[in-house]
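Just so it is clear, the structure is predicted and the values come from calculations on it, not from any experiment. Along the sequence shown, residues are numbered consecutively beginning with 1. Start at 1 and go down the list; that is how both ligands and their atoms are numbered.
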Amino acid sequence: MKAAIFGATGFTGRLVAAELFRRNVDTLLLGRDEKALSAIEGAKDVRSVTLDDPSSLVDALRGSDVVISCVAPFTRLGEPIVGAAIAAACNYVDTSGEQRWVRRIYDEFGTRAAAAGVTLMPSATDDGVPGDLIAGLVVESLAKVETLRMHHGVFNGSISRGTMLSFGQIAASLPLAWQDGEWRETDAGTRAPVDFPRDGEQPSWAIPGPELITIQRHVAARTIEATMNLDLVTNVSLITDEVIAAAPAGPSDDERRASRFTIIAEARAPDGTTARGHVSGNDPYGSTALVAVEAAVRLGARGAPVGAVPPSLAFEPADFLNSLKPFGITWQVGN
Ligand SMILES: NC(=O)c1ccc[n+]([C@@H]2O[C@H](COP(=O)([O-])OP(=O)(O)OC[C@H]3O[C@@H](n4cnc5c(N)ncnc54)[C@H](OP(=O)(O)O)[C@@H]3O)[C@@H](O)[C@H]2O)c1
């Protein structure tokens, strides 16, 4: 199995590279700066490519079983990498949290990927893939689902420069939620408080959960929406160009260790029966690298369905989540 990373010089890309090296996966590091790529600890195979040269991108990806894209922001930069992956018959994973980008992957690239025999999996992050998987497991106990609400909790979190750039893209549109058979823009305001497993009741705001796009492909519900315990609208308004320029690449090791995340799936049947489950872990960026690499290694083995495929349909959900347990990512289903 051979994996490639695009954006290996970034904060997340470096963590992804380290995880691939830890697993002894044959890894090609791609980016625009060959010197910076070669300086990455453990780098053996590096190649400089630019996004405005599609044929060199395709050439670079030929022979890899999977590419993990860690560029930022995806909405602005992601397209050439997906296009090249499809042309090179290389499976594709990314670390995007941008909901509109995830939707584009499904709507615009899924059919082409299926024809080329490759699988696309955007949002292989701490919350994207685990959110999709826990949602699939939670609804198993209900004959019919009326509403599915995903609640994101981030505690002691600090964000990378790349995430700041992506927040700019996320804030440019209203959150999408699934309502009565279609995607609708919802207001980005407050929602009812949410009871988190370790942290108790937290305030909540509507967010554009990227996992909603994948969940809707396998859960038939009237409403699918997402909230978070942080007010992204207020936080994004504080992220100016000056703040981004002065920010470190990402959280320090101590900050990473202190930060935690939980994603809850809460489903309700038409008769009022409810089901709930959650996934929790530490260090959202380190966990994203673990999730992205686990997804990439599984797709690289080339047994998954082709096209843009929700994690719950590509993997056995409990098996995937259990593979993350040794790294402190735990899950539970039950009220
Ligand atoms: N839960 C989540 O939603 C979650 C978790 C983790 C990460 N993420 C996302 O992952 C993405 C990466 O974050 P990050 O913090 O790692 O970002 P970052 O440190 O800014 O890294 C971005 C990468 O993209 C490359 N890049 C930027 N512009 C480019 C261009 N024009 N041409 C070629 N390469 C370019 C950079 O290369 P250079 O080094 O050459 O500039 C770098 O390798 C963000 O969208 C972030 O939100 C999401």
Side-chain angles (χ1 to χ4, degrees), residues 4-19 29-40 43 46-54 56-57 60 67-81 84 93-102 122-132 150 152-154 157-171 207-214 226 228 230 232 236 239 244-245 247-251 255-256 259-263 279 281 283-293 295 329:
I5 310 175
F6 193 95
T9 51
F11 187 73
T12 308
R14 286 171 190 275
L15 298 173
V16 168
E19 178 57 14
L29 305 181
L30 299 171
R32 58 184 166 178
D33 182 344
E34 189 161 350
K35 217 167 143 203
L37 291 167
S38 301
I40 293 173
V46 307
R47 186 153 165 183
S48 77
V49 277
T50 57
L51 295 174
D52 57 7
D53 185 355
S56 77
L57 265 178
V67 59
I68 305 174
S69 174
C70 305
V71 290
F74 288 87
T75 306
R76 193 158 55 76
L77 301 175
E79 183 167 348
I81 305 152
V93 167
D94 77 33
T95 61
S96 170
E98 297 163 39
Q99 188 193 50
R100 303 281 175 146
W101 168 249
V102 176
S123 205
T125 60
D126 59 315
D127 47 3
V129 163
D132 181 277
M150 305 299 297
H152 298 231
V154 179
S158 34
I159 61 173
S160 70
R161 235 176 2 227
T163 297
M164 291 182 191
L165 291 170
S166 287
F167 274 3
Q169 298 293 325
I170 292 169
I207 58 154
E211 75 284 358
L212 302 188
I213 305 297
T214 66
M228 192 180 226
L230 303 172
L232 286 187
V236 168
I239 302 173
I244 295 175
E255 287 171 327
R256 282 178 51 201
S259 59
R260 291 181 291 113
F261 67 92
T262 292
I263 182 156
V279 181
D283 179 13
Y285 286 92
S287 296
T288 290
L290 294 169
V291 168
V293 169
I329 299 174

To which protein heavy atom is atom 23 (C) of ligand 1 closest, and what is the distance rounded to 0.1 Å?
-> C70 O, 3.5 Å
Taking atom 37 (O) of ligand 1 as the reference point, the nearest protein heavy atom with its distance = T9 OG1, 3.3 Å
Given the options T288, V71, L15, D126, T95 meets side chain to side chain contact (heavy atoms under 4.5 Å, CB included) only with T288
Ligand 1 atoms in contact with S166 (distance to a heavy atom under 4.0 Å) | 44 (C), 45 (O), 47 (O)
Test item: Y285 side-chain N/O and S160 main-chain N/O as donor-acceptor pair under 3.5 Å = yes
Are M228 and L232 close enough that some pair of their side-chain heavy atoms sits under 4.5 Å apart?
-> yes
Yes or no on side-chain contact (heavy atoms from CB on, under 4.5 Å) for C70 and I5, after CA distance, side-chain angles and deciding distance?
-> CA-CA 7 Å; C70 305; I5 310 175; 4.1 Å; yes
Per-residue contact class, F167 against ligand 1 - non-hydrogen pairs under 4.0 Å = neither
What part of L51, side chain from CB on, backbone N/CA/C/O, both or neither, has a heavy atom under 4.0 Å from ligand 1?
-> side chain
Ignoring hydrogens and geometry, is there a side-chain-to-backbone donor-acceptor pair from R260 to G281 under 3.5 Å?
-> no
Counting from 1, what ligand 1 atoms have a heavy atom of S160 closer than 4.0 Å?
-> 14 (P), 15 (O)
Atom 19 (O) of ligand 1 has as its nearest protein heavy atom F11 N, 2.8 Å
What part of L77, side chain from CB on, backbone N/CA/C/O, both or neither, has a heavy atom under 4.0 Å from ligand 1?
-> side chain
In ligand 1, the atoms that come under 4.0 Å of a heavy atom of G97 are 3 (O)
Which ligand 1 atoms, with their elements, are less than 4.0 angstrom from a heavy-atom of G7?
-> 43 (O)
Atom 1 (N) of ligand 1: the protein heavy-atom neighbour that sits closest, reported with distance to 0.1 Å = D126 OD1, 2.6 Å
So is F261 close enough to ligand 1, meaning a heavy atom under 4.0 angstrom away?
-> no
Ignoring hydrogens and geometry, is there a side-chain-to-backbone donor-acceptor pair from E98 to T75 under 3.5 Å?
-> yes
Does D132 use its side chain to pair, donor to acceptor, with the backbone of E211 at less than 3.5 Å?
-> no
N/O to N/O below 3.5 Å, does that happen between D33 and ligand 1?
-> no
Looking at atom 16 (O) of ligand 1, what's its closest protein heavy atom, distance included?
-> T12 N, 2.6 Å
Answer yes or no: is there a donor N or O on one side and an acceptor on the other, between the side chain of T262 and the main chain of G153, under 3.5 Å?
-> no
Would you mind telling me if ligand 1 is within reach of the side chain of D127, the backbone, both or neither, using heavy atoms under 4.0 Å?
-> side chain
Protein contact to atom 11 (C) of ligand 1 [nearest heavy atom, distance to 0.1 Å] | V71 O, 3.4 Å
Atom 41 (O) of ligand 1: which protein heavy atom is closest, and how many Å away?
-> R32 NH2, 2.8 Å
So, for I170 and P208, which heavy atoms are closest and what is the spacing to 0.1 Å?
-> CG2-CG, 3.4 Å
Can you tell me how far CD of E79 sits from CH2 of W101, rounded to the nearest 0.5 angstrom?
-> 6.5 Å
Where do I40 and A8 come nearest, in terms of heavy atoms and distance?
-> CD1-O, 3.3 Å
Got the closest protein heavy atom to atom 8 (N) of ligand 1, with its distance?
-> T95 O, 3.0 Å
Which ligand 1 atoms, with their elements, are less than 4.0 angstrom from a heavy-atom of Y285?
-> 6 (C), 7 (C)
For A292 and V93, the nearest pair of non-hydrogen atoms, with its separation, is O-CG1, 4.0 Å
G10 N/O under 3.5 Å from ligand 1 N/O = yes
